[in-house]
Amino acid sequence: MTNQATQKLSPFIELSAEQEELIKKIMRFIKNNLNAHPHSVFTIYGDAGTGKSVILSSIFYQIQYSSCHGQSVFKSTNNYFLVNHPELLKVYKQIAGPIKELYKKDYMRPTSFINKMDKENSSADIVVIDEAHLLLSKPDHYNNFYYNNQLREIILRSKVTILVFDLHQVLRMKSLWTNKRLEAITHSYPHQDYHLQHQFRMTAPDELINWFNKFTNGELITLPQNINSNYDFRIYDDAEEMHQAIIKRNTEVGLSRILSTSGYPSTLDGGKHYIVEGKFKLPWDQYNYTSTAWAEIPETINEVGSIYTCQGFDLNYAGIIIGPPFRLKGNRIKVELNKITDTEMLKKRNDLHNIDEIKELKEDMVMNSLNVLFKRGVHGCYIYAHDPKLRNKLMEMYQVSKK
């Protein structure tokens, strides 16, 4: 077992037959389109854990190797790997370090790439985008982005764009995407789409993954039986007890952390804020100024990870606090938007006017954030719910599932 994200996203990791075939398909697409059209786009769709990032890592290495060694249309091409996630960007730069064909300078945030191309009055040949669902779809002056849509601007500055997208990981209004919004851009160019289905990250049975998906669709269905045969799934009515179990797992195998949804004091004002649930009290993750990803820093066992530090990362075991915005009403999971404390998540958009549509989009984002947390743990997922009704119902279901 390796706990290093650089190993899990290595371009040399062994791939499945489907992944190998997809890479061949994308390489053919690049060869056929690089000099045939001003712009073309290949989109890989897939849920969390379907191996999207591993595929991109391998593709980019093959592209850069061919560029460095003068092979076919790739000879001396100018290529970039983009990701709008600072923690994940650190991992890719670490991967690039010891590999002579890869350069850290070619791994960038999207805004940095756009501004660089503008400043140099230049463009790229091939651009690979990980976590494209995090791209800005409106101006964001805080991040020095003054256009309307990052994806559109990236495509206009590259000949071939390869991106991965997961509708269920859209988490902020300023990065609002739907399949329709995405394809309005990607399908206006020569394009191909591919849908990944197989789950690689989690050792959880398909029935439990379906339970997670139903939960974040608002449906509380019966838990499958005998989950723990291959995957350590637990539900707690005491957050501190869950915390101690995660500490134990971290001592045993490492890379085990407590995570939480929004609903507790803000993490964005520079102060140290705590999540308190009974005897449980830990601070939110602090801004990580190091070159090491948050989850790989040993001291973060004493913090609570947010969606912004753990998205895209594998943990061995994840202890998840389902916060105040989630409550049980009948047999439905409801979202109370007024209890969201992540102010960045629900910021107003001037291009949306339908109140019901806006509410539905915001609720979907909150549910998406929980779905991402559910799928962080490779070997186990522990759950505690703030809402007493939901917590009691989950405990009742859990006891029945173990019989």
Side-chain angles (χ1 to χ4, degrees), residues 5-44 51-84 88-110 112-132 150-151 153-164 186 189-194 196:
T6 51
Q7 293 298 313
K8 295 174 183 178
L9 294 179
S10 166
F12 308 121
I13 198 168
E14 185 176 353
L15 302 174
S16 70
E18 180 190 18
Q19 289 173 321
E20 292 276 13
E21 282 303 310
L22 175 55
I23 288 172
K24 290 177 184 177
K25 185 183 184 80
I26 294 169
M27 295 298 277
R28 285 195 301 269
F29 178 85
I30 296 170
K31 289 177 182 178
N32 293 337
N33 289 277
L34 189 59
N35 297 313
H37 307 284
H39 314 286
S40 57
V41 186
F42 195 108
T43 305
I44 305 166
K52 303 183 297 296
S53 295
V54 170
I55 289 168
L56 287 194
S57 184
S58 180
I59 288 169
F60 194 65
Y61 172 73
Q62 291 187 35
I63 291 168
Q64 296 301 76
Y65 183 91
S66 298
S67 176
C68 290
H69 297 280
Q71 295 182 357
S72 68
V73 298
F74 297 101
K75 182 179 180 180
S76 301
T77 47
N78 181 35
N79 312 311
Y80 293 89
F81 192 114
L82 310 181
V83 59
N84 203 21
L88 203 50
L89 183 60
K90 293 175 184 178
V91 175
Y92 284 120
K93 284 180 177 286
Q94 287 176 351
I95 289 171
I99 302 173
K100 67 178 182 179
E101 290 85 4
L102 300 178
Y103 296 92
K104 292 183 179 182
K105 67 179 179 60
D106 295 330
Y107 293 81
M108 307 178 75
R109 297 284 292 272
S112 300
F113 167 79
I114 293 166
N115 292 342
K116 174 182 169 65
M117 294 299 104
D118 287 357
K119 183 178 179 180
E120 297 175 356
N121 193 25
S122 180
S123 62
D125 291 302
I126 304 161
V127 171
V128 172
I129 311 172
D130 198 6
E131 309 274 358
Q150 283 188 329
L151 179 58
E153 300 305 322
I154 292 166
I155 292 171
L156 290 174
R157 289 161 179 77
S158 56
K159 292 180 181 177
V160 178
T161 306
I162 304 156
L163 62 107
V164 298
T186 60
Y189 302 97
H191 66 274
Q192 283 190 35
D193 299 335
Y194 189 91
L196 291 166

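By convention here, the first residue in the shown sequence is residue 1.
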*Flag the pair Y107 / Y80 as yes when their ring centroid distance falls below 6.0 Å, and as no otherwise.*
no
*For P190, which residues count as a side-chain contact (heavy atoms from CB on, under 4.5 Å) partner, sequence neighbours excluded?*
N33, H37, S40
*Taking salt bridge (charged side-chain N to carboxylate O under 4.0 Å, His left out) as the test, write out the residues that go with D193, two or more places apart.*
none
N/O donor to acceptor pairs below 3.5 angstrom from side-chain atoms of residues 19-27, sequence neighbours left out:
residue, atom, partner, partner atom, Å
Q19, OE1, S16, N, 2.9
Q19, OE1, S16, OG, 3.4

*Are F74 and Y65 close enough that their ring centres sit under 6.0 Å apart?*
no
*Only counting residues at least two apart or in another chain, list the ones meeting salt bridge (charged side-chain N to carboxylate O under 4.0 Å, His left out) with K93.*
none
*Donor-acceptor under 3.5 Å (S67 side chain, I63 main chain)*: no
*From I55, I126, V127, T43, residue fulfilling side-chain contact (heavy atoms from CB on, under 4.5 Å) relative to I162*: I126
_side-chain contact (heavy atoms from CB on, under 4.5 Å) assessment of I13 paired with S58_ = CA-CA 8 Å; I13 198 168; S58 180; over 6 Å; no
*Sequence neighbours left out, what passes salt bridge (charged side-chain N to carboxylate O under 4.0 Å, His left out) with D106? Give chain and number order.*
none
*Classify the angle between the aromatic ring planes of Y92 and F81 as parallel (below 30°), tilted (30 to 60°) or perpendicular (above 60°).*
tilted
*Is there side-chain contact between S10 and I95, with heavy atoms separated by less than 4.5 Å?*
no
*Please examine the side chains of V160 and F42, heavy atoms only from C-beta on, and report whether any two atoms are closer than 4.5 Å.*
no
*Where the side chain of T161 meets the backbone of V41, is there a donor-acceptor pair that is under 3.5 Å apart?*
no
*Could you tell me which non-hydrogen atom of T77 sits nearest to which non-hydrogen atom of V73, and how far apart they are?*
CG2-O, 3.5 Å
*Is any side-chain heavy atom of V128 closer than 4.5 Å to a side-chain heavy atom of V164?*
no
*So, do I44 and L56 sit near enough that their side-chain heavy atoms are less than 4.5 Å apart?*
yes
*Under a 4.5 Å cut-off applied to non-hydrogen side-chain atoms, are P110 and I154 in contact?*
yes
*Supply the atom-to-atom distance H39 NE2 to S123 OG, rounded to the nearest 0.5 angstrom.*
8.0 Å
*So how far is it from S112 OG to M117 CE, rounded to the nearest 0.5 Å?*
10.5 Å
*Donor-acceptor contact present, side-chain D125 to main-chain N78, <3.5 Å*: yes
*For the residue pair N84 and E131, confirm or rule out a side-chain donor-acceptor distance under 3.5 Å.*
no
*Between K116 and F113, is NZ or CZ placed under 6.0 angstrom from the six-membered ring centre and within 45° of the ring axis?*
no
*asked:* Run the salt bridge (charged side-chain N to carboxylate O under 4.0 Å, His left out) test against R157 and tell me which residues pass, sequence neighbours left out.
replied: D118, E153
*Hey, is the main chain of L9 close enough, under 3.5 Å, to the side chain of S57 for a donor-acceptor pair?*
yes
*asked:* For a side-chain contact (heavy atoms from CB on, under 4.5 Å) check, start with the C-alpha distance between L82 and D130, then their side-chain angles and the critical distance, and finish with the verdict.
replied: CA-CA 6 Å; L82 310 181; D130 198 6; over 6 Å; no
*Could you pull out the closest heavy-atom pair between K159 and L34, with the gap in Å?*
CD-O, 3.4 Å
*CD of E120: more than 12 outside heavy atoms within 6.0 angstrom?*
yes
*Closest heavy-atom contact between M108 and L89?*
N-CD1, 3.8 Å
*Nearest 0.5 Å, what's the CG-CD1 distance between N35 and I30?*
12.0 Å
*Is a side-chain donor-acceptor pair under 3.5 Å present for Y194 with E18?*
yes
*Before giving the answer on side-chain contact (heavy atoms from CB on, under 4.5 Å), spell out for E101 and H69 the whole-Å C-alpha distance, their side-chain angles and the decisive distance to 0.1 Å.*
CA-CA 9 Å; E101 290 85 4; H69 297 280; 3.1 Å; yes
_Is there a side-chain contact between Y61 and I99 in this structure, where contact means two heavy atoms from C-beta onward sitting under 4.5 Å apart?_
yes
